[in-house]
*Asks:* 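This is the structure I want to talk about, given as structure tokens.
In the text below, chain A, chain B and the rest are named by the order of the sequence lines, each starting its count at 1.
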Amino acid sequence: MPEVETIARNLRKTIVGKRVAGIRLSGLPLRKPVGGTLAEKLQGRVIRKIHRRGKYLIAEMEPHAFWLIHLGMSGRLYFHPTEIQPSKHTHATIFFSDATRLEYRDPRRFGLLATYEVAKISQIPELRALGVEPLSPKLDREELARLLKKCRSEVKSFLLDQSKIAGLGNIYVCEALHWAGLHPSRRCFTLSREEAGRLVHAVRRTVKQAIRNRGTSFSDFRDSDGKPGDNQKFLRIFQKEGEKCRRCGSMILRMRQGNRSTFYCPCCQK
DNA sequence: GCATTACCCTGAAAGC
DNA sequence: TGCTTTCAGGGTAATG
């Protein structure tokens, strides 16, 4: 989500107010087939606003329509002031009437491009099921404690579940659990109100720091100007297997949970 | 109905 | 050197 927020902020400066003059598609499917309707729906419309909800970007178009974008894992959006050669993984190029263009690249093709003509953003099917935003004032200790109480799964899976809290990925979940001093395998319903409070604080701190650093770049992430983020320099636990925990000095371990790596400190995460 | 697992995909890294 | 295997992870359909 911090990576998506970084891109949203960039796009607000670069493409808002531009009219779509044409679209070129690779024809390859992403998470779902892209299809010719994307071109039909966007052609001639003007981008009025850029929204973010969870890990989704939403361009509000005029005449009224919404353009939904998800970057998956390896998706990137590049703004180009001048002409470019499409790469092997360019799946969409949006040409604006002022000769600038926006390129969507996605080697792994886990992303999504779609358009909707619903009345409100909240009616977009992909967004309907999303949970609370991590930085929303609605997510406080009481609300998180309430959500945790009725959940029997491990707290790591809970935090990754976009229908509970929308926007946390594997990196930030590992970091937040370390900040909160909570073991990733703890069952949600066993967390106390005090622990829920620590977790809310840790999630906010983790996400705010990552946004401030313009996202985390290992290999994939670049913003729409092609710049990597800086947050990888500030991570305390993610991909630190074998290193010493900065809080207690114990060896950081790695385990697999639900087919994803979890990094944790066995000493200070209880 | 909820929790868990498997799958999609390709590039990079590791292993041989 | 070059080929093969493994791993990475967001979302979701399938399974338990």
*Asks:* Heavy atoms from C-beta onward define the side chain here; which of C:dA8, B:dT10, C:dG11 lies closest to that of A:R31?
*Replies:*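 Out of C:dA8, B:dT10, C:dG11, the nucleotide with an atom closest to A:R31's side chain is C:dG11.
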
*Asks:* Does B:dC2 have its OP1 or OP2 closer than 4.0 Å to a side-chain nitrogen or oxygen of A:R152?
*Replies:*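 Answer is no, no contact under 4.0 Å.
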
*Asks:* Evaluate whether atom CZ of A:R152 has more than 12 neighbouring non-hydrogen atoms of other residues, nucleotides or ligands under 6.0 angstrom away.
*Replies:*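 No.
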
*Asks:* Counting only side-chain nitrogens and oxygens, does A:R256 get under 4.0 Å of the OP1 or OP2 atom of C:dA8?
*Replies:*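 Yes, A:R256 has a side-chain N/O under 4.0 Å of OP1/OP2 on C:dA8.
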
*Asks:* A:H183 and A:Y264: aromatic ring centres closer than 6.0 Å?
*Replies:*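 Yes.
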
*Asks:* May I have the distance from A:L127 (atom CG) to C:dG11 (atom C1'), rounded to whole angstrom?
*Replies:*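 Going from A:L127 (CG) to C:dG11 (C1'), I get 13 Å.
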
*Asks:* Should the pair A:F79 and A:F96 be assigned to parallel (<30°), tilted (30 to 60°) or perpendicular (>60°) ring geometry?
*Replies:*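 Taking A:F96 first and then A:F79, their aromatic rings sit tilted (interplane angle of 30° to 60°).
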
*Asks:* Check the phosphate of C:dG11 against A:H70, side-chain N and O only, distance under 4.0 Å to OP1 or OP2. Yes or no?
*Replies:*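 Yes, such a contact exists.
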
*Asks:* For the pair made of CG in A:N259 and P in C:dA8, what is the distance, rounded to whole Å?
*Replies:*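 So the CG-P distance, A:N259 to C:dA8, works out to 9 Å.
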
*Asks:* Is the ring pair A:H64/A:F66 parallel, tilted or perpendicular, if the boundaries are 30 and 60 degrees?
*Replies:*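 A:H64 vs A:F66 ring planes: perpendicular.
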
*Asks:* With the side chain of A:P107 defined as its heavy atoms from C-beta on, choose the nearest nucleotide among B:dA3, C:dA8, B:dT10.
*Replies:*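 The answer is B:dT10.
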
*Asks:* Where the side chain of A:N170 is defined as all heavy atoms beyond and including C-beta, which of C:dG9, B:dA3, C:dA8 is the nearest nucleotide?
*Replies:*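 The nucleotide sitting nearest to the side chain is C:dG9.
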
*Asks:* What is the nucleic acid contact for A:S157, judged by heavy atoms within less than 4.0 Å: base, sugar-phosphate only, or nothing?
*Replies:*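 Nothing, no nucleic acid heavy atom in range.
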
*Asks:* Separation of A:L130 atom CG from C:dG11 atom C1', in whole Å?
*Replies:*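 Spelled out: CG on A:L130 to C1' on C:dG11 is 11 Å.
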
*Asks:* Counting the atoms with a prime plus P, OP1 and OP2 as sugar-phosphate, which does A:K88 contact under 4.0 Å by heavy atoms, base, sugar-phosphate, or nothing?
*Replies:*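 Sugar-phosphate contact only.
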
*Asks:* Between C:dG9 atom P and A:L30 atom CG, what is the distance in whole Å?
*Replies:*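 Distance check: A:L30 CG to C:dG9 P gives 21 Å.
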
*Asks:* Which nucleotide sits closest to the side chain of A:S261: C:dT12, C:dA8, B:dC9?
*Replies:*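 Selected nucleotide (nearest to the side chain): C:dA8.
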
*Asks:* Ring of A:Y104, cation from A:R76 - is the NZ or CZ under 6.0 Å from the centre and inside 45° of the axis?
*Replies:*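 Because its charged atom misses either the 6.0 Å distance or the 45° angle limit, A:R76 does not stack over A:Y104.
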
*Asks:* B:dA3, C:dG11, B:dT10: which one has an atom nearest the side-chain heavy atoms of A:S153?
*Replies:*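 So the nucleotide nearest the side chain must be B:dA3.
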
*Asks:* Would you kindly give the CG-to-P distance between A:L28 and B:dC8, to the nearest whole Å?
*Replies:*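 Distance check: A:L28 CG to B:dC8 P gives 16 Å.
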
*Asks:* If you check every side-chain atom of A:R187, which of B:dT4, C:dG9, C:dG11 has the closest atom?
*Replies:*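 Of B:dT4, C:dG9, C:dG11, B:dT4 is nearest to the side chain of A:R187.
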
*Asks:* Nearest whole Å is fine: how far is B:dA12 P from A:H89 NE2?
*Replies:*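 Between P of B:dA12 and NE2 of A:H89: 8 Å.
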
*Asks:* From CG of A:L112 over to C1' of B:dC8, roughly how many Å is that when rounded to an integer?
*Replies:*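 Rounded to whole Å, this separation is 14 Å.
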
*Asks:* What contact category does A:R105 fall into here, base, sugar-phosphate, or nothing, at under 4.0 angstrom with non-hydrogen atoms?
*Replies:*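 Counting heavy atoms under 4.0 Å across all strands, no contact is made by A:R105.
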
*Asks:* What is the separation between atom CZ on A:R108 and atom C1' on B:dG11, rounded to the nearest whole Å?
*Replies:*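 Those two atoms, CZ and C1', are 7 Å apart.
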
